[in-house]
Amino acid sequence: MKIVCIGGGPAGLYFGLLMKLQNPDNHIVVVERNRPYDTFGWGVVFSDATMENLREADPVSAQTIGDAFNHWDDIETHFKGRAIRSKGHGFIGIGRKKLLNILQARCEEVGVELVFETNVEDEQDIARRYQADLVIASDGINSRIRNKHPESFKPDIDERHCRFVWLGTKKVFDAFNFIFVENEHGWFQAHAYRFEDGMSTFIVETPHETWAKAGIENMSQEEGIKYCEDLFAPYLDGNPLVSNATHLRGSAIWIRFPRVICNNWVHWENIDGKNVPFVLMGDAAHTAHFSIGSGTKLALEDAITLANHLKQDESLEQALEQYSAERSIDVLRIQNAARNSTEWFENVARYANMAPEQFTYSMLTRSQRISHENLRLRDPAGITEFERWFATQAGMQLGADQTPPPPMFTPFKLRDLTLKNRIVFSPTLTYSAKDGVVNDFHEVHYGARALGGAALVMAEMTAVTPDGRVTPGCAGLWNDDHTTAWSDVVKAIHSGQALAGIQLGHAGRRGSTQVGWEQANRPLASGNWDLVSASALPYDANSACPTEITRAQMDTIRDAFVAATQRADAAGFDCLELQAAHGYLLSSFISPLTNQRSDEYGGSLSNRLAYPLEVFNAMRAVWPAHKPLFVRISATDWAEGGTSVDEAVEIARCFKAAGADVVDVSSGEVVSEQKPIYGRMYQTPFADRVRNEVGIASMAVGAILEADHANSIIAAGRADLCALSRAFLANPNWPLHEAAKLGYHDIQWPAQYQWGQDWLERQENRPVLQG
């Protein structure tokens, strides 16, 4: 093949090298606009795993690169005058210039043609000049080829919020350092690591607003660097900071990181009758924020993947299709992690009230690629020390030889109540009541989850009026028979050594439907009741249309919530949750998609919140002061024009002011046209924002599947409680089983089940059979 790589960065050089090794008859040309030894940036970072990929692809260059690497295992976080070190992370750093020179030399050794100081203005002309069968567009983050053909590549470029500058220093760091400093303008952070003997990378990053307040945009390059030197002087030991971007003037060295995603990586051009593919590679195709150090890794792995597919017995079209499909998935995984990491660094102020121990843990796990048990594998002593600190903060008194519990098994205090751990059985409709009255099924159902180790068992959404039910099978709490039946359920929960909670709600426009295992959200075949909602809008095309609720009806329903609250107390419930999410009546007031009122209850967020807060205040007034009151919200409608996460923070702030103790942070189900983005712990970032921006306890829900998820969420301060539904439906003993998997033996099993505990722990810890 005749191949032209436009751009002589890691992607273009490495792909050219691999294709020449694959077949010496391949004619490979790498065209680079800079001189051979020009480079911008300082050091690049790999993980140990990346080096394994390089050794497999080309052992010769991998050996040379490996010999030039500086290796370290530790991450050190500096925050509020403390330095906390975490071990076992396995990083390697090398100067970008050194890496490129190694690849250049290896390419020349095997016969790749390197053409420097050539700026490609016309990619068709280059392809024609070299009679290319394949053109690789490895021309970097501002790719001219990608930008020239947006209709083919369909790029999505998001310029991120922080400003950063890539500097160097002769101060040598013996670990990967994250340094956080606050001054009168805001928070700044440095990412610092050694990449060669006597030299370290020193990236300074700060939100744009802080950068502007500091006046850096009006400074010369030298003045801006001096500002950083003074700010981070305690960590530089008198060494200056230097820039190698001397071709730029003033504050131009401070840039915003562009997150690049391309929906298509291949563009075909007809050149003199030949169909020639132009293929994106490296930063031209995708970017990953430097805080997870994966840009060069992704570029090299792009090259490896495409070279491998071209080695197979596939047509060029098939190889390129497979390359795009395979790499887009791998890159998306990295970019999701990079997005989480980027957003964490953009919002350092959100976590500034944390103790250094938890702040460091939050930073280490920010991408959600590193979890609690992953940290334990890397640094067992460090995670045990952290768990001891966390348990102490939760009020536990541990002996010197006592093993600290995993974070999810620490207690949590709410008003006069203390939950024995952080795991909650989430309110889950069971459609098994008759005329609103719960029965033996509910006693067994909820009692089993209490015996299974949940600290708090939340009963399903319970209607405050007959026409407030979702289905005829939904539970109610509008008369004394309901109170009596619920009191039996509460006793069953308490006998299982758990606290009992109940969620009160009104279905609004989502009522009068078939039970969940029939045709969910569809009206009943007969016996439907009238519906009310904030506005006269049906849930979907198959739903009955509600009437717009009147002020008199609002009064009646508010009073029904109050009466149900009093009945919940009489039934013995320990805590109460108001359902203000998922498109039910109160939620229909909050979302602008479902509230189109023109009176004082429509329009602004404060107007839309007025009635839900009125109901909440009325409930709080009669609910005992020593018992906690929760509220569930939908943090986003997952639909254009709906409630945003920024608004959810304000909603939580208003409920906190009204006396809420916990915000149960869910999302969606407000409108049928929603487009949610699912994934493990996908709603946890919303709980994180509510907890750490509002300063209220939050409960995370949604795809929390295992103890490692819950421990990471709780330990990082992303939420105070984790509520699970499906996991508990599949396994009522979920907390007990997860404790056994972790090897945590101090969790209290019911005395009657302790032989089962012994058996399960032996099963989970049995040796692996060989042979």
Side-chain angles (χ1 to χ4, degrees), residues 419-464 468-479 481-505 507 513-518 520 564 567-568 570-577 579 582 630 632 664 666 699 701-702 704-705 710 721-738 747-753 756:
L419 281 68
K420 64 184 180 182
N421 62 51
R422 308 299 186 99
I423 302 302
V424 177
F425 176 45
S426 192
T428 306
L429 292 173
T430 62
Y431 313 107
S432 300
K434 184 174 182 180
D435 297 326
V437 180
V438 294
N439 49 52
D440 292 348
F441 166 81
H442 298 87
E443 289 185 45
V444 173
H445 171 64
Y446 291 117
R449 274 75 198 166
L451 287 167
L456 171 62
V457 175
M458 291 293 297
E460 60 205 81
M461 186 175 95
T462 299
V464 297
R469 292 174 294 169
V470 177
T471 76
C474 288
L477 194 47
W478 63 79
N479 63 39
D481 289 342
H482 297 150
T483 307
T484 301
W486 274 120
S487 67
D488 291 336
V489 173
V490 170
K491 290 173 187 175
I493 295 171
H494 285 165
S495 69
Q497 304 303 306
L499 298 176
I502 189 170
Q503 184 188 81
L504 297 181
T513 62
Q514 300 174 43
V515 299
W517 50 78
E518 296 176 343
R567 289 191 175 95
F573 283 103
D574 303 295
C575 70
L576 184 65
E577 178 169 283
Q579 171 59 280
H582 304 319
F630 295 20
R632 173 171 278 214
D664 180 356
S666 189
M699 184 155 69
V701 300
I704 300 170
L705 307 176
L721 300 170
C722 289
L724 293 82
S725 174
R726 288 174 174 82
F728 263 118
L729 295 179
N731 180 2
N733 301 309
W734 186 88
L736 303 181
H737 284 201
E738 291 299 306
I747 189 170
Q748 183 179 357
W749 281 59
Q752 299 91 332
Y753 296 172

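Quick caveat, the model's predicted, so the values are computed rather than measured.
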(Q) Quick one, Met458 with Cys575, criterion side chain to side chain contact (heavy atoms under 4.5 Å, CB included). Give me CA distance, side-chain angles, the key distance, then yes/no. (A) CA-CA 9 Å; Met458 291 293 297; Cys575 70; 3.9 Å; yes
Q.
Please check this pair: side chain of Thr513 against backbone of Val470, looking for a donor-acceptor N/O pair closer than 3.5 Å.
A. yes
**Q.** Arg449 side, atom CZ; Leu724 side, atom CG - distance, nearest 0.5 Å
**A.** 12.0 Å
List, one per line, each side-chain donor-acceptor pair under 3.5 Å for residues 492-505, sequence neighbours excluded.
| from | atom 1 | to | atom 2 | distance (Å) |
| --- | --- | --- | --- | --- |
| His494 | NE2 | Asp574 | OD2 | 2.7 |
| Ser495 | OG | Lys491 | O | 3.4 |
| Ser495 | OG | Ala492 | O | 2.7 |
| Gln503 | OE1 | Gln579 | NE2 | 3.2 |
| Gln503 | NE2 | Glu577 | OE2 | 2.6 |

Q | Gap between atom CH2 of Trp734 and atom CZ of Arg726 - 0.5 Å precision | A | 15.0 Å
**Q.** Trp486/Phe573 aromatic ring centres below 6.0 Å
**A.** yes
Q. Any side-chain heavy-atom pair from Ile423 and Glu738 closer than 4.5 angstrom?
A. no
Q) What are the two closest non-hydrogen atoms of Ala454 and Phe728, and how far apart are they? A) CB-CZ, 3.7 Å
Q: Give me the ring orientation class for Phe425 and Tyr446: parallel if the planes are under 30° apart, tilted from 30 to 60°, perpendicular past 60°.
A: tilted
(Q) Rounded at 0.5 Å granularity, tell me how far OG in Ser666 sits from CE in Met699. (A) 9.5 Å
Q.
Are more than 12 heavy atoms, taken from residues, nucleotides or ligands other than Gln748, located less than 6.0 Å from that residue's CD atom?
A. no
(Q) Rounded at 0.5 Å granularity, tell me how far CG in Asp488 sits from OG1 in Thr483. (A) 11.5 Å
Q.
On a heavy-atom basis, which atom in Gly452 and which in Pro735 lie closest, and how many Å separate them?
A. O-CD, 3.3 Å
**Q.** Closest non-hydrogen atom pair, Asn421 against Gly453
**A.** ND2-O, 3.0 Å
Q | Side chain to side chain, Glu460 and Thr428, heavy atoms closer than 4.5 Å | A | no
(Q) How long is the straight-line distance from CG of Leu451 back to CD of Gln752, given to the nearest 0.5 Å? (A) 7.5 Å
(Q) Less than 4.5 Å apart, side chain to side chain, heavy atoms only: is that true for Arg422 and Cys722? (A) no
Q: Go through the steps to decide whether Phe630 and Val424 satisfy the test side chain to side chain contact (heavy atoms under 4.5 Å, CB included), and finish with yes or no.
A: CA-CA 13 Å; Phe630 295 20; Val424 177; 5.9 Å; no
N/O donor-acceptor pairs under 3.5 Å from side chains in residues 432-439, not counting sequence neighbours:
| from | atom 1 | to | atom 2 | distance (Å) |
| --- | --- | --- | --- | --- |
| Ser432 | OG | Thr430 | O | 2.8 |
| Asn439 | OD1 | Phe441 | N | 3.0 |
| Asn439 | OD1 | His442 | ND1 | 3.2 |
| Asn439 | ND2 | Ser432 | O | 2.9 |

**Q.** Any donor-acceptor pair under 3.5 Å from Thr471 side chain to Arg469 backbone
**A.** no
